[in-house]
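On a predicted model such as this, the values are computed, not experimentally measured, just so you know.
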Amino acid sequence: MEEMKSIISQRLRRAPAGKIVTPKEFLSLGSRTAVDKTFSRLAAAGKVIRVARGMYVAPQESEFGTYPPSAEKVVSSYGKITGERIVPSGARAANNLGLTTQVPVEELFLTTGKARTLMLGRRKVFLRHAPAWQTAMPNSKAGEAIRAIAHLGPQRAVSFAKAVRSKLSAGEWKQVSKMKPRVPAWMVKAINEAELAN
């Protein structure tokens, strides 16, 4: 059991920050029960962080002690395991684009998968199911623009669509415009009005 604990600990330390590992990756070391017990003991000792059932990450280390990896890195690893597309929330997108100065307190991400909560120590990371159009174009300003307008809602959609357009390049806005067949009617109206205003 000690040898198993040592091997698992070493592999976790070598893993990239936020990479999720699962007990089934270590079944060559022993039975599922033994591997599960080893992970439970490592978690109790603070050597690993249990993110969700059967999913663990290594804590990061600094001169001040250990701390959980960033939510973004853990969520990215989770998406690779599950095959889900996961993106930051519309509130985060609005802040990134400078449409609001409010920094979201809640760590919320939109996913094409089921809603669930991941744990990073005492921090909760929420994954909320969203329609495919809201998770489209990850890692792009056009995708952020769609999520930001969706988050800000129908009442403010036109003014914020105009504000978003001024922050994007012509190519980025073209990507936003191409989303019109997929988004709700009120967003189509806002995008059209933003285009007419310029």
Side-chain angles (χ1 to χ4, degrees), residues 17-18 20 51-53 55 57 67-198:
I20 293 173
V51 175
R53 185 178 177 184
M55 295 185 176
V57 293
Y67 59 95
S70 74
E72 288 79 12
K73 287 181 178 175
V74 173
V75 165
S76 173
S77 180
Y78 178 83
K80 286 173 185 170
I81 290 170
T82 61
E84 297 170 18
R85 189 164 61 235
I86 305 174
V87 296
S89 69
R92 178 71 61 190
N95 180 259
N96 289 347
L97 291 168
L99 298 176
T100 173
T101 54
Q102 267 190 321
V103 178
V105 177
E106 188 177 67
E107 293 192 273
L108 173 66
F109 293 81
L110 306 178
T111 176
T112 52
K114 291 180 181 177
R116 74 178 304 168
T117 303
L118 305 180
M119 297 299 299
L120 288 177
R122 293 179 183 175
R123 280 165 44 214
K124 290 182 178 180
V125 179
F126 300 98
L127 302 182
R128 189 177 73 204
H129 177 76
W133 62 266
Q134 281 196 35
T135 62
M137 299 182 289
N139 307 313
S140 74
K141 279 196 172 181
E144 281 194 326
I146 291 291
R147 287 187 284 284
I149 297 167
H151 167 72
L152 295 162
Q155 305 301 321
R156 299 182 288 175
V158 173
S159 61
F160 279 106
K162 290 175 183 176
V164 165
R165 186 167 187 199
S166 68
K167 294 175 182 291
L168 301 187
S169 69
E172 288 164 342
W173 182 260
K174 193 174 181 181
Q175 287 182 294
V176 171
S177 193
K178 281 183 179 176
M179 288 292 291
K180 284 192 279 190
R182 299 175 60 188
V183 301
W186 61 268
M187 280 189 72
V188 174
K189 180 177 181 289
I191 292 168
N192 285 340
E193 291 203 26
E195 288 170 347
L196 290 171
N198 285 2

Next on the checklist: Checking Ile86 against Thr135 for the side chain to side chain contact (heavy atoms under 4.5 Å, CB included) test, could you report, in this order, the C-alpha distance in whole Å, the side-chain angles of both residues, the deciding distance, and whether it holds?
Outcome noted: CA-CA 7 Å; Ile86 305 174; Thr135 62; over 6 Å; no

Item to check | Full working for side chain to side chain contact (heavy atoms under 4.5 Å, CB included) between Glu193 and Lys189 | outcome: CA-CA 6 Å; Glu193 291 203 26; Lys189 180 177 181 289; 2.8 Å; yes

Item to check | Ile81 vs Met55, side chain to side chain contact (heavy atoms under 4.5 Å, CB included): CA-CA, chis, key distance, verdict | outcome: CA-CA 10 Å; Ile81 290 170; Met55 295 185 176; 4.1 Å; yes

Item to check | Trace of the side chain to side chain contact (heavy atoms under 4.5 Å, CB included) decision for Lys80 with Ser76 | outcome: CA-CA 6 Å; Lys80 286 173 185 170; Ser76 173; 4.0 Å; yes

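Ser177 pairs by the side-chain hydrogen bond (donor to acceptor under 3.5 Å, both in side chains) definition with Glu195, not counting sequence neighbours. With sequence neighbours excluded, the residues satisfying side-chain hydrogen bond (donor to acceptor under 3.5 Å, both in side chains) with Glu144 are Asn96. Partners of Glu107 by salt bridge (charged side-chain N to carboxylate O under 4.0 Å, His left out), not counting sequence neighbours, listed by chain and number: Arg123. For the salt bridge (charged side-chain N to carboxylate O under 4.0 Å, His left out) test, no residue two or more places apart in sequence or in another chain qualifies with Lys174. With sequence neighbours left out, the side chain to side chain contact (heavy atoms under 4.5 Å, CB included) criterion links Ala185 to no other residue.
Judged by distance alone, with hydrogens and angles left aside, the side-chain atoms of Gln134 form no donor-acceptor pair with the main-chain N or O of Pro131 at under 3.5 Å. A distance-only check finds no donor-acceptor pair linking the side chain of Thr117 to the backbone of Lys124 [under 3.5 Å].
Separation of atoms NZ (Lys180) and CD1 (Ile191) is listed at 7.0 Å; rounding is to 0.5 Å. The line from CG of Leu97 to CZ of Arg147 is 9.5 Å long, rounded to the nearest 0.5 Å. Rounding to the nearest 0.5 angstrom, the gap separating the CE atom in Met187 from the CE atom in Met179 is 7.5 Å. In this structure, Thr111 OG1 and Leu127 CG are separated by 6.0 Å, a value rounded to the nearest 0.5 Å. Put simply, CD1 on Ile149 and CG on Leu99 are 8.0 Å apart, with the number rounded to the nearest 0.5 Å.
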Do any side-chain atoms of residues 152-161 form donor-acceptor pairs under 3.5 angstrom with protein atoms, and if so which ones, sequence neighbours left out?
unit_1, atom_1, unit_2, atom_2, d
Arg156, NE, Leu152, O, 3.4
Ser159, OG, Arg156, O, 3.1

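Side-chain contact between Glu84 and Phe109 is absent, with no heavy atoms from C-beta onward closer than 4.5 Å.
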